[in-house]
K.L.:
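This is the structure, below, for whatever I ask next.
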Amino acid sequence: MKTACIILPLLASSASAFVAPNCRATARPAASLKMAIDYNDPAVMEEFNMVQTMEYDEVVAELAASGVRAPADMGDMDVKLMLVELRTVMNGGSSSNNVVKTPPAKFGSKFEEYLWTKPFFAEIYENIKANGDHNKMNVAAEYCNDPENALQAYGKAYAQFIDEIEAALNAKPEVTSPTVQFSGFPANMGEMGLKMTLEALGEVADMSCSQSDDGITLFGEVTFGSVDSAKAAIEQYDGMDMGMGDKLQMISI
């Protein structure tokens, strides 16, 4: 945390150089400011797209959990930029670092969820990020989080791109592995109950299972005895609504 403490005082001045998330122009910091991180870095822009969908209290809570206190008089955008910089610093500073990422137990937004669970969408997003197309990055994030408003704002200018996003979100990747990552099953099933449910589709060779932070759902990985059993499980349960708030996710890995 020492590194974060050194860098975060720069945030109050850097925040004013970033446009509000509802602005349609590409966000760029003023060149004369000495930034703690590079806001032209695609990894930083990706963090910004994730954080901008969070509520103020959620941002403050995450900062506090990392030992950083947000000043009481700091505005919503300044606090969010503080979290962007903290996350980036703690992750290694930029997209050039080879950091092994693991999915969070709970996603902060639909955009973040789709980056982890929709491989075709993730591929599209990684391509536009590599090209430095910040406008399309913003369109992709906003469409995931609020499709109706995004269509109103970008439907004409980005019609073809939005069609590509929609197709990628609905595409089913080919199942080539017996291992499936799952989330969304009711926690009251318990690990044994879930294992018995999945064994109805085929042999379960291995399974790891945990409860979500709120204790409502289960997530983890299961390795079936065959690829065909994994396919059957995905076809049976992926996208199923079990009344827990989010639909079941079954992803071949």
Side-chain angles (χ1 to χ4, degrees), residues 21-22 24 26-27 42-55 58 87 95 101-177 179-186 212 216-222 227 230-253:
N22 289 330
R24 304 306 175 199
T26 302
V44 180
M45 179 60 71
E46 184 174 333
E47 287 291 358
F48 176 76
N49 285 331
M50 292 180 183
V51 170
Q52 70 169 314
T53 64
M54 298 172 64
E55 297 293 333
E58 293 175 325
R87 282 185 176 185
S95 58
K101 295 184 178 181
T102 55
K106 185 176 181 180
F107 299 111
S109 66
K110 282 295 182 182
F111 170 65
E112 183 179 14
E113 177 184 337
Y114 293 157
L115 283 176
W116 286 103
T117 63
K118 303 291 185 180
F120 291 108
F121 169 73
E123 182 179 356
I124 288 177
Y125 190 82
E126 287 301 318
N127 286 336
I128 61 175
K129 183 172 73 171
N131 292 332
D133 193 333
H134 294 171
N135 289 331
K136 281 190 174 181
M137 290 167 69
N138 286 331
V139 171
E142 290 191 36
Y143 183 77
C144 291
N145 293 324
D146 193 343
E148 185 175 345
N149 285 338
L151 279 173
Q152 291 179 359
Y154 307 114
K156 292 183 179 180
Y158 290 92
Q160 182 177 347
F161 179 58
I162 289 175
D163 286 344
E164 291 175 7
I165 293 174
E166 186 64 25
L169 292 175
N170 292 315
K172 297 289 185 181
E174 182 181 1
V175 180
T176 58
S177 165
T179 302
V180 177
Q181 185 179 79
F182 62 82
S183 64
F185 286 96
S212 59
I216 295 177
T217 60
L218 300 174
F219 68 94
E221 293 181 8
V222 57
V227 174
K231 287 181 180 178
I234 292 172
E235 291 174 359
Q236 175 75 22
Y237 289 112
D238 186 47
M240 180 180 290
D241 188 349
M242 301 193 73
M244 308 306 295
D246 292 324
K247 294 181 180 180
L248 297 184
Q249 295 277 353
M250 300 286 285
I251 306 163
S252 177
I253 59 174

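Positions are given from 1, in the same order as the sequence printed here.
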K.L.:
Once you round to the nearest 0.5 Å, how far does CD of Q52 lie from CD of E142?
P.N.:
6.0 Å
K.L.:
Mind checking the CG-CD1 spacing from L169 to I124? Nearest 0.5 Å is all I need.
P.N.:
8.0 Å
K.L.:
Restricting to non-hydrogen atoms, name the atom on V175 and the atom on A230 that form the minimum distance, rounded to 0.1 Å.
P.N.:
CG1-CB, 4.2 Å
K.L.:
Checking K110 now: which residues fulfil side-chain contact (heavy atoms from CB on, under 4.5 Å) with it, not counting sequence neighbours?
P.N.:
E113, Y114, N145, D246
K.L.:
What closest approach, in Å, do I234 and I251 show between heavy atoms, and which atom pair accounts for it?
P.N.:
CD1-C, 4.5 Å
K.L.:
Give me each pair satisfying salt bridge (charged side-chain N to carboxylate O under 4.0 Å, His left out) with a member in residues 114-128, each pair once, sequence neighbours excluded.
P.N.:
E126-K129
K.L.:
Taking all heavy atoms of C144 and all of P147, pick out the closest pair and write down the distance.
P.N.:
O-CD, 4.2 Å
K.L.:
Rounded to the nearest 0.5 Å, what's the gap from NZ on K247 to CD on Q249? Could you check?
P.N.:
9.5 Å
K.L.:
Which residues satisfy the salt bridge (Lys or Arg N to Asp or Glu O under 4.0 Å) test with D133, sequence neighbours excluded?
P.N.:
none
K.L.:
Could I get the full list of side-chain hydrogen bond (donor to acceptor under 3.5 Å, both in side chains) partners for N131, not counting sequence neighbours?
P.N.:
none
K.L.:
Applying side-chain contact (heavy atoms from CB on, under 4.5 Å), name anything that partners E235, two or more places apart in sequence or on another chain.
P.N.:
none
K.L.:
Not counting sequence neighbours, which residues clear side-chain contact (heavy atoms from CB on, under 4.5 Å) with E174? List them please.
P.N.:
T176
K.L.:
Can you give me the closest heavy-atom contact between I165 and A140, atom names plus distance?
P.N.:
CD1-CA, 3.7 Å
K.L.:
With sequence neighbours left out, what residues match Y125 under ring-ring contact (aromatic ring centres under 6.0 Å, His included)?
P.N.:
F111
K.L.:
Of all residues at least two apart in sequence or in a different chain, which pass the side-chain contact (heavy atoms from CB on, under 4.5 Å) check with T179?
P.N.:
S177, E221, T223, I253
K.L.:
What verdict does the side-chain contact (heavy atoms from CB on, under 4.5 Å) test give for M50 and L115, after you've listed the backbone C-alpha separation in whole Å, the side-chain angles of each residue and the deciding distance to 0.1 Å?
P.N.:
CA-CA 10 Å; M50 292 180 183; L115 283 176; 3.3 Å; yes
K.L.:
Please report the closest heavy-atom contact between P186 and L218, naming both atoms and the distance.
P.N.:
O-CD1, 3.6 Å
K.L.:
Search all heavy atoms of V180 against all heavy atoms of M250 and return the closest pair with its distance.
P.N.:
CG1-CE, 3.8 Å
K.L.:
Residues in ring-ring contact (aromatic ring centres under 6.0 Å, His included) with Y237, at least two apart?
P.N.:
F185
K.L.:
Identify, with sequence neighbours excluded, every residue that meets side-chain hydrogen bond (donor to acceptor under 3.5 Å, both in side chains) alongside T217.
P.N.:
S212
K.L.:
Is there any side-chain hydrogen bond (donor to acceptor under 3.5 Å, both in side chains) pair reaching into residues 155-166, and which pairs are they, with sequence neighbours excluded?
P.N.:
Y143-E166, E166-N170
